Structures are given as structure tokens and as C-alpha cells.
Amino acid sequence: MKYDFRSIEPKWQKKWEEAGAFRAVDNSDKKKFYALVEFPYPSGAGMHVGHIKAFSSMEVVSRKRRMQGYNVLFPIGFDAYGLPTENYAIKTGIHPREVTDRNIVKFTSQLKRVGFSFDWDRVVDTTEEGFYRWTQWIFLKMFENGLVFRDQALVNYCPSCKVVLSNEDSQGGKCDICHSDIVQKSKTVWYLRITEYADRLLSGLDEVDYLPNIKQQQINWIGKSTGAFVNFTVKETGEKLRIYTTRCDTLFGVTFMVIAPEHPIIEANRDRITNIKALDAYREVCAKKTEFERTQLNKEKTGVRIEGLTAVNPVSGKEIPIYISDYVMMGYGTGAIMAVPAHDERDYAFAKKFGIDIIEVIKGGDISQEAYTGDGEMVNSGFLNGYTNKKDSIARMLTYLKEQGVGEMGVQYKMKDWAFNRQRYWGEPIPIVHCRYCGMVPVPYEELPLRLPRVENFEPGEGGESPLAKIDSFVNCKCPKCGRDAKRETDTMPQWAGSSWYYLRYIDPHNSKALADPEKLKYWMPVDWYNGGMEHVTRHMIYSRFWHKFLYDIGAVPCSEPYAKRTAQGLILGPDGEKMSKSRGNVVDPNDVIDVYGADVLRTYVLFMGDYASAAPWNDSSIKGCKRFLDRLADLTDLIRENGGSPKLETSFHKTVKKVSDDIEELKFNTAIAAMMALINEIYEVGSLTREQMMTLARLLSPFAPHLAEELWETLGGEGLCALAEWPTWDETKTVDSTVEVAVQINGKVRATVELPVDCPKEKAIALAKADARIAGQIEGKTVVKEISVPNKIVNIVVR
RNA sequence: GCCGGUGUGUCGGAAUCGGCAGACGAGACAGACUCAAAAUCUGUUGUCCGCGAGGGCGUGUGGGUUCAAGUCCCACCACCGGCACCA
């Protein structure tokens, strides 16, 4: 058959669209399958081949599921709020709305050209009123439920761009945009109380099927640690100084305390502290450091002793000094630690520098040389002396602390509350009104969406204010509660907002009464399979799991976890082996590939190029192999004969159907395609095949190269669309040949192979192996020590 | 430092309930077709010794278990990803 991709690809794309072949059906009796891919950010550069790979796994699975009779929901949308569009607008003066619309048109045409089987009736755009209305709705629900709060915090601020930056945008202490030095600035920050869900985000992982490394990253991100809170007492004031520790059994080894420079106890005791000037000087130095500098490892420990305050160890009664040092963070635990220099490397370094006592409480190391962090017998520890097991000594100490009322078990998380505002224009307005009399008042639900006003100037204001702050008509409003003059919040939500719930909107994208109809949610949720990048398995996925759990708590969704299964693709690197980027100039544009080879070749190649989960470089010549594969496959129609093929070929078909079916489920597309290649190589050797076999081949090919598959299907007289034809099945009994080639080893080295019937009994196999001339020659004159035969695999004869 | 992963020809990669290492594809070389090139087709292609039959070596390194190890065990090395002064 002549394979002219230029004519057949548009032809079948049109037919699919006319037939509504990929439309998901609501209220169907069929079994559902919801496949999800991470919706793209519609950047001006358009898609690169990495996007194609990212979408291709669920594309193949979706197409296979449809052929298996499932009602499939495979949607696409656009995560369109964000900084690049806004920066582009600042630079060019073109409004983000126009830029976004233009980019979405571009992405849509690219996606359609590839022939993805998305349901185009369900496209969502996070910047559209009908969508962000519900983003705001969820925010207000969280506000109502006490999950939203405001607090002063130090933020990364770029004095040149006049903009507050996230930690990601200020790596290395430099502004990501203009590369000037970042300073720390105190700002009011909106927070979502994600830490309240920390434990459930952790335990929820037991219910879902994520790749192990994905689960592990989430576990690390949440960072749960179990330990104890212990109250030390300040001798001079009687105040409690509370610390968190995971090793409360080392309490007898505490020789000093360290608190964070920001710890409130300093302000509370300014007049009592005799060296307050020295402390203030140190604190000022710390305040100037960025989070990045402060967390640099292996740097010299610094700090200042607080004169005038002394702590009392609640267990030993010993009086110890208190220091401030920036190696203790206000943001973790209580911002204060008990220091056990003998058994903690950081405390050891600090004690050495400041000449503080080091008391050994765990035997096993040499504390004159370094801190000993291993296990061992407890010493110098009162009632704990003689304990050798960490678990027991901690348990004993916890009991004691509780009895004495000076401490108790506690849990800490590395995960922090989610800073949820940006001083930016191109985002969802936070629907809150500040009233002088009523405080923070939510915008009434019926007034949603709170529209983002159309402005002409997107430059951030002085001091890093949102551009919205300059729009009087937006800012000035009446308090929804008391009706007096009030001002709107001018910050917007971060980029993560829309993507935290978009998968729900696909289920009912045009609903104006609710974020989605409960009946539809019940049918479609949860997402059966979600694929995306490894870079999103912590932030995006944790954020969206948090929102989902909240929505579950208020009865808005029917299940507690949004994604039943999660996998990730590896990057496509540039032809030079480096990460694709505009600045390197190594980006491959899918349109260029389609122009030359067609969409089917592109689709096949991105899946054939390597292990789906690993990164692999693009190779301009390797893609030819996929082109040849499809050409050769199309030409097979010339070999169709009434009694074509051979019994062995029939077996190979059954094997291949099984292999391709199984491999798709494990995302092993490269070996699935390789199996089809091997099959057509075999057909060419045999020289003919049957029409039935060719139709099987077309259906197997359909998820990968659907346009060619349709064309073949039509040529062969198949009924309806190949995309909706029944997925081929295999007969397990027909996947085995009648004979197998078995390797014969002498002392573990292969010396010959013999053709044996399948499941040949051991004795017979050994006898037949020995009958082989070469084997007989090898055994001659030697003693056979042992004979091993593994049916259908190997015969090994050990001789001496 | 901690956690996770990977290491196989010239390249992308196959093969892990231990059983013929290098499937499939690319590249390279040789040949056919062609005035020629491209495309296509055929053959060769881990490495070393040998005219050949054949044999030695070979899956990051070193050791071990086994009739048999890319696969299992021990010790290391290198690279990639994540977290990181987390108390």
C-alpha cells in the first residue's frame, strides 16, 4: 500500500472529529477509564518534542482502553496563568490575555496535528472566568474552614525588579530574571494550612499506586519526624524554653542550648540581657543573609552567648548557657534546641569553637576526636545508664518526662505551610476585602468570579506591590459585611492554584452551578492513571492532593485521593545530550519532524527511543528506523495471500499480541514497538501473510501510529474506525512453538544447541544433548560428574 | 551528609522467579540497483588469537555463592535525581 502520510493524516484527523470518536460519554453504563496528563503551560515558544513524549503514554493507554471497550476520558487543557506571559507582556506591551489566547491557538493546532485522541469538547483554561471562579470558590471554602491565615514573613525581594520572588526563582541568592542580589524583606504573606493535612497526605500514600520513587519523594517532602518536646526553664525568669528533639534519651549530655536569632525570648527579655547590643548586631547580620546563605553547609559555626539568661536542664537540674546561632532555624521545631555536642556533629563543632563542655552519654566513639552519632550503651545518664537500645532508652525517657510534666512525645514535619500569594497581575485575584471595621471579609460566593480587571500597565508597584494596587476602580469597594468603604486584596494566587484541581473540571467543564456535577464526579473519579514529569511529583502533586482532601472533607468530591496511579516520563534531551532549552538552541520542534516524517513516525519514535521513564537524547538519524518500520509495514499489504503465512508465523502473532498488550500496561513502549518490528521482519522472511493477520497488525499499531492504522484498516475492509475496533486477543496455548532450541553447556560453557520438543523430559533432553556430535566429542575420555537439565532452557553437563 | 536510582557494543537500548548477553533500532563497512546520488534491498558488525574449524576474554571495580551470575551476597568506585545546619 502506498503510504502518503501527508494526505492520510489530515484525512483521519477529520474523520475522527466528525465521528466524535474520542468524546467521553457521561452517564454511560460502560466501565470508565480516566487518563490524565499534566496540562501544558502555553508558552510563546510552542510545544517541543518533550511535550509529545509526556502525552504519548496516556495517549497509547487511552487508545488501547477504547479498543478494549472502556468509556475513556482523556482530556487536555492549559495552565495559563504565570510569570513568563506577564514578563512578555511587560516587555512588548501586549496584554497577557491576547498572548495567552494566541499561544493556546498555537498549542491546539500542534496537538491536533499529532493526532492525539483528546476530548476537545472538554478543554479547560485556568485563566478563563468560568474556571477561576471555582478556584476562588475553593479558596473561600478554605478561608471559611480556617485553612487560610496571614502572617508576617521574610521574603526574597529583588530591589531591581521590585518583585517578591519564590525560593525557586531566587536560587543562589540571585534574582532569576535580572541576576541582581536578593534581599530579605518583611511582608504580609497569605498561607494555606497544608501542614494540617501533613499526616493524611502521608498515610494516603498507602492507598495509591505511585511509582516507588515518586512515593519516596513525597514522603521526604513531607518529612515527618517523631521526637519529643521538652521544656527547659530560664533560671532568672522562670519562663519555659521549649525545644524539640528526636533524641531525648541524650538529655543528660546537654551542655548548652541554642535558639534561633529570631526567637521571641530575646525581645521579651531585652532589659534583662546584659549583652543585648552584641546580640542585636549578630541578629542584624543574620537578617541580611538569604535563606540560601543560611543553609549553606560546612561553614564555620557562628553565634553569641546570651548574657543574663541561664537555662536549667529539667532532668539533671544542671545550669547551662544559652546561645543564639543561625544554625537553628525559627521555622522548624520550636526554634530552640538542646545541644548534645558529644553526639551531634553540629553541636560538636559549636562546642569546640566556643569551648563548651562535651559529655559522653553513649559509649562507642571517641568524643575527643569527633561526635559519635551511632548506638551504644548509655552512660553518665542517671536512670538511663546501662540501656543499650535506642528505642528503649527513648521510651524510658519519654515516660519520665511525662511523669515530671516537663515534656511529651511530639511530631514535626519539614513541610511548611503554603505561601499562597504573589504580587503579580496575571493570576487569580484573591477574593478578600479588607474592611477597617470588619477585618478580612470574603467576597460573597454569588459575586464570584471576582474578575481580574483589564489593565494596560503590568509593571509591579514600588516596594513590590501587585500591579492591581494601582487600579483604583478595583481596589476601592464596599465592605460586603457592613457596606462601608473598603479595599480589596490586590495580591493574586500563585501558579499552583489552578493546577491543584483542574482534573475535576474536565469532568464537567461547562457547569455554572458547581465545580462539577456530583453524579459525574462519582462516575469518573478518581483519575485512573496520571502521567507527568518528575519535577511535579512533590509540589504540584502534594498541593493538589491537599486540595482534594479538603474538598473531600467538605463533601465536594466523592473520594479522598485524586490519583489512583501515577507514573512519570523521562526527559528528551537535545541531540547534544543536554537538556533542551532555547538558549542552547537544541530544541526540536515537533512541527519540523511532522513536516518531514509525519505524525505517526514522530509518535512512534518518541516511544521507541528508549526506556520511557529515562532521559534519552534526540537522534535525527535514529528516527529513520521508525520511518522504515512504518513504510515496511504499509508495504505488507502486497504480501497478503489466501493461505499466506506459516504455522510458526501464526505463533509469532500470538506472541506479539501478548507482548504488545502487556508492555503497554508497563509503559514499555520501546519493547512493544521492537516486538512489532521483529514480527514484520519475520513476515518478510516468510514472504506472505493472511488478511486476518494484517488486520491484527493494524489494530496493534493503532495506539502508536493511528493514522496509518486507519488507512490500513480501511484498505483491508475493516468495519468502522480502527480506533474503535476491538483490541486483538491472544491464545496462550498458541504462543508456544512445538520445538525449542536448547543450549547445551559443558562445565557452564555453551558448546552446542539442540532442537528439542517443548517440555522435553530431563533424561531425554540430556540423552539427546549427548548425542550431538560436538558434545560427544567434548565428553569423550572424561568423567561426567553431574548433569543438569532445565526444561526448554538449558542442559549443562559437568565433566572432569 | 541522608534517601532513591543507574552503570551492558560506536550510539539509543534489550535480556533480572539465575539458564545461549547484546533483541529492536541507529551508525559503520561491503555488495546489488543507478550515469550518479538519494531511497530501497542483501550481507557483516562486542573484542582478541586463528587461513580455517575453532578457541580465549567480555555487562563500572574487587571478592564471594552456584553446575550456571548482567541478574544473588559482601566491599568499593563513578554518574544522575531528590532532600539537606530538620535538631
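Predicted, not measured: the structure shown is a model, and the values here were computed from it. In what follows, every chain begins at residue 1, and chains take the letters A, B, ... in the order their sequences are listed.
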Would you indicate which nucleotide in [options] comes nearest to any side-chain atom of [X]?
X	options	answer
A:Asn220	B:C3, B:C67, B:C86	B:C3
A:Gln745	B:C20, B:C24, B:G13	B:C20
A:Ala678	B:A87, B:C85, B:C24	B:C24
A:Trp221	B:C83, B:C24, B:A87	B:C83
A:Ile788	B:C67, B:C3, B:G54	B:C67
A:Gln217	B:G82, B:C85, B:A15	B:G82
A:Phe608	B:G81, B:C20, B:G25	B:G25
A:Ala616	B:G13, B:C24, B:A15	B:G13

Counting the atoms with a prime plus P, OP1 and OP2 as sugar-phosphate, which does [X] contact under 4.0 Å by heavy atoms, base, sugar-phosphate, or nothing?
X	answer
A:Val790	base
A:Ala615	sugar-phosphate
A:Asp631	nothing
A:Glu345	nothing
A:Glu741	base
A:Asn796	base
A:Lys224	nothing

- Task: Anything under 30° is parallel, anything over 60° is perpendicular, the rest tilted; go ahead and classify A:Tyr372 against A:His343.
- Result: perpendicular

- A:His540 and A:His536 aromatic ring geometry - parallel, tilted or perpendicular at 30°/60° bounds: perpendicular

- Message: Say we look at B:G18 and B:C73: how far apart would their P atoms be, to the nearest angstrom?
- Response: 11 Å

- Message: With rounding to the closest Å, how many angstrom separate the P atoms on B:U65 and B:C74?
- Response: 15 Å

Would you please confirm or rule out a distance under 4.0 Å between OP1 or OP2 of [N] and any side-chain N or O of [X]?
X	N	result
A:Lys749	B:C57	yes
A:Lys579	B:G81	no
A:Arg632	B:C41	yes
A:Arg774	B:A53	no
A:Lys793	B:G19	no
A:Arg346	B:A87	no
A:Asn681	B:G25	yes
A:Arg751	B:G55	yes

- Message: Is it the case that B:C83 (base atoms only) and A:Lys414 (side chain only) share a donor and an acceptor within less than 3.5 Å, ignoring hydrogens and angles?
- Response: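 Donor-acceptor pair under 3.5 Å: no.
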
Check whether NZ of the Lys or CZ of the Arg [X] lies under 6.0 Å from the centre of the six-membered ring of [Y] and within 45 degrees of that ring's axis.
X	Y	answer
A:Arg632	A:Tyr684	yes
A:Lys414	A:Tyr332	no
A:Arg566	A:Tyr210	no

- B:G27 glycosidic torsion: syn (within 90° of 0) vs anti: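 You should classify B:G27 as anti.
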
- Message: Please compare A:Ser621 and A:Met609 by the position of their nearest nucleotide in RNA chain B and report the one closer to 5'.
- Response: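 Closer to the 5' end of RNA chain B: A:Met609.
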
- Start at the 5' end of RNA chain B and walk down; is the nucleotide closest to A:Tyr244 or to A:Ser622 reached first? A:Ser622

- Item | salt bridge (Lys or Arg N to Asp or Glu O under 4.0 Å) evaluation trace for A:Arg751 with A:Asp772 | CA-CA 10 Å; A:Arg751 297 298 173 187; A:Asp772 184 275; over 6 Å; no

- Look up atom NZ in A:Lys224 and atom CG in A:Asp199, then write down how far apart they are to the nearest 0.5 Å. 3.5 Å

